[in-house]
Structures are given as structure tokens and as C-alpha cells.
Amino acid sequence: MIIDCAGGTGDMARRFAKMARRAQERRGGPDAVINIIDYNAEMIAAGIEKGGEPEITWTVGDAQRLPLPDAYADAYVISFGIRNVTDIDAALREARRVLKPGGRFICLEFSRPVTEALAKAYDAYSFKVIPQVGEWVAKDREAYQYLVESIRRFPDQRTFATMMENAGFKRVTISNFTGGVAAMHQGWAL
Ligand SMILES: C[S@@+](CC[C@H](N)C(=O)[O-])C[C@H]1O[C@@H](n2cnc3c(N)ncnc32)[C@H](O)[C@@H]1O
């Protein structure tokens, strides 16, 4: 059982489903189940409309109060979702609660550039270019301004790792992508 929390319309979950099916074909074992959870019922409906893989199930639910029992899942994934959650500590505690012993937590999120030069260039791009492009292309400057500001408010790599540890995750690791523009945090429910 894999939980794709804040899974939106299921783009990541479809990839997981294909990967899980290939692994199952190679190694055998039980079929994977990927449970997409998102608090926005319209996103879930749009995802179902798009069509899914047979491994995917859909649930409307809040990351801060998951409608799931304790020790339920083998893995919990959240990609570009936790930044939007009001109480990130509560979401982390819930992720830890629903993972089985030995379960894995994976979070992919925008983060902080790790060099001064990249941070300056990224700042200029984020605050000057992204809102302007949002206005031209999507006619919605505010949404893109919110995106930039929410990325800025989200804790840096080390702070988020400490929040994971405080929620009970062990062996927390950080992998930076594009110099820290995005980062993947992993931890284990041991
Ligand atoms: C940027 S989308 C990411 C979707 C998907 N994970 C992906 O990578 O394509 C963020 C999603 O987080 C969901 N979300 C925000 N706060 C949430 C919460 N408290 N509980 C569950 N989902 C939430 C939104 O409804 C939205 O679908």
C-alpha cells in the first residue's frame, strides 16, 4: 500500500503504478495499491475523469487528519503538496502514524538553492519573471505570486529534516535537485 498524499489528479501515482506493475511482473508478489488522497474533491474528480491505472484508488481527505488507520501503509509520498498544508507538523505526525513499522516517507518539494549565486539568480527569476509570465500566459498574476511566496515560506532543507525527526522519522536524508531548487526528503518509520 502506497499513499500519494495531496496527489491532485494523480500524475505521480500513475507513474508509481506503472513502476510497481513492472516490479511485480519481475519479482512476483502481491499487486500494489496506490491510494491517492487529496482534500480537494474537484481535483479527485478530475483525476478520475482523466482515467487511472487499476492499482489506483481515490479518497478525499486532509493530510492533517488522514481518514486511515494506524500502521496502514508501506510508503507515504507527498510531492509538491506539503508546502500548501497549513499545519505541516500535523501532516508529518499523520504520515508517521499511518506508516507500518519499516515504512518509508518521501517528500518532494521546492526548497532553497544551496549557493549564493544560484540563490540570487533564482530570487530574481522567482519574483520578477514568474508572476509576469503568469499574468501573460494564465492571466493570473496572483496565483503565480502565491506560488513564489509559498516556496519562500516553506522551511529550508535542514529545518524540514528536523521537523521530520520531531514527528518520529529516523534516518532522514536530503537529496537536492537543480542546486536545491527542489529537494527530496526521505525518512523511515522504525
Ligand atoms: C501542486 S498540487 C500537487 C499535485 C501532485 N502531488 C503532483 O505532484 O502533481 C498540490 C495538491 O495539494 C493538495 N492539498 C493542499 N493541501 C492539502 C491538504 N491539507 N490535504 C490534502 N491535500 C492537500 C491540493 O488540493 C493539490 O491537489
Side-chain angles (χ1 to χ4, degrees), residues 1-20 32-53 55-70 72-99 103-112 122 126 130-131 133-134 137-138 140-155 157 160 163-164 166-167 169 174-178 180-187:
M1 167 61 68
I2 301 170
I3 296 168
D4 180 10
C5 192
T9 56
D11 294 344
M12 293 296 265
R14 284 186 193 84
R15 287 168 185 257
F16 300 146
K18 288 191 178 112
M19 284 162 59
V33 177
I34 299 152
N35 190 356
I36 296 178
I37 299 188
D38 199 288
Y39 78 164
N40 184 336
E42 287 174 19
M43 290 294 262
I44 293 279
I48 292 169
E49 178 83 5
K50 258 183 168 179
E53 302 291 335
E55 294 86 352
I56 296 178
T57 61
W58 305 82
T59 307
V60 176
D62 188 338
Q64 300 158 112
R65 285 176 299 279
L66 290 173
L68 300 173
D70 296 355
Y72 171 76
D74 301 289
Y76 173 112
V77 180
I78 185 161
S79 75
F80 300 106
I82 204 160
R83 191 183 74 253
N84 301 303
V85 173
T86 311
D87 187 343
I88 294 172
D89 290 310
L92 289 171
R93 285 194 299 273
E94 278 293 87
R96 175 67 188 78
R97 179 182 70 75
V98 300
L99 278 170
R104 187 173 185 175
F105 172 91
I106 302 173
C107 174
L108 190 60
E109 191 50 88
F110 291 113
S111 198
R112 297 289 158 84
Y122 184 59
S126 301
I130 292 179
V133 170
V137 177
D140 191 350
R141 187 184 185 96
E142 267 178 32
Y144 285 80
Q145 187 72 36
Y146 167 79
L147 170 71
V148 169
E149 285 167 9
S150 70
I151 293 170
R152 175 52 56 92
R153 275 196 304 273
F154 189 69
Q157 287 89 328
F160 187 68
M163 291 165 79
M164 284 174 60
N166 291 342
F169 288 104
I174 304 165
S175 310
N176 285 313
F177 301 112
T178 321
V181 169
M184 180 168 67
H185 284 74
Q186 299 193 63

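As the structure lists them, so they are numbered: ligands from 1, and atoms in each ligand from 1.
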Under 6.0 Å from the CZ atom of Phe16, do we count more than 12 heavy atoms belonging to anything else shown? yes
Here the atoms of ligand 1 under 4.0 Å from any heavy atom belonging to Gly61 are 20 (N), 21 (C)
Got a salt bridge between Arg97 and Glu94, using NZ or NE/NH1/NH2 to carboxylate O under 4.0 Å? yes
Tyr72 and Met1: which non-hydrogen atoms are nearest, and at how many Å? OH-CE, 3.3 Å
Atom indices of ligand 1, in the order listed, that fall short of 4.0 Å to a heavy atom of Asp62: 18 (C), 19 (N), 20 (N)
Any idea which atoms of ligand 1 are less than 4.0 Å away from a heavy-atom of Gln64? 19 (N)
Distance flag for atom 9 (O) of ligand 1, protein heavy atom under 4.0 Å: no
Relative to the heavy atoms of Asn40, which atoms of ligand 1 are at a distance of less than 4.0 Å? 25 (O)
If you measure only the distance, is there a donor-acceptor pair under 3.5 Å linking the side chains of Asn84 and Ser150? no
Between Tyr76 and the options Ile3, Ile2, Leu68, the side chain to side chain contact (heavy atoms under 4.5 Å, CB included) test singles out Ile3
Judged on heavy-atom distance to atom 20 (N) of ligand 1, which of Ser79, Ala91, Ala63 sits nearest? Ala63
Just list the side-chain donor-acceptor pairs under 3.5 Å for residues 85-93, sequence neighbours left out, or say none.
unit_1: Asp87; atom_1: OD1; unit_2: Asp89; atom_2: N; d: 3.3
unit_1: Asp87; atom_1: OD1; unit_2: Ala90; atom_2: N; d: 3.0

Over 60° means perpendicular and under 30° means parallel, so tell me whether Phe105 and Phe169 are parallel, tilted or perpendicular. tilted
For atom 14 (N) of ligand 1, what's the nearest protein heavy atom and its distance? Tyr39 CE2, 3.5 Å
Can you list the atoms of ligand 1 that are under 4.0 Å from a heavy atom of Met43? 27 (O)
Would you say the side-chain atoms of Asp38 pair up with the backbone N or O of Gly8, donor to acceptor, closer than 3.5 Å? yes
For ligand 1, which atoms, with element, lie under 4.0 Å from some heavy atom of Phe80? 1 (C), 2 (S), 3 (C), 10 (C)
Among all protein heavy atoms, pick the one closest to atom 12 (O) of ligand 1 and tell me residue, atom and distance. Ala6 CB, 3.3 Å
Which of the atoms of ligand 1 are close to Met12, meaning less than 4.0 Å from one of its heavy atoms? 8 (O)
So which heavy atom in the protein is nearest atom 13 (C) of ligand 1, and how far is it from that ligand atom? Asp38 OD2, 3.3 Å
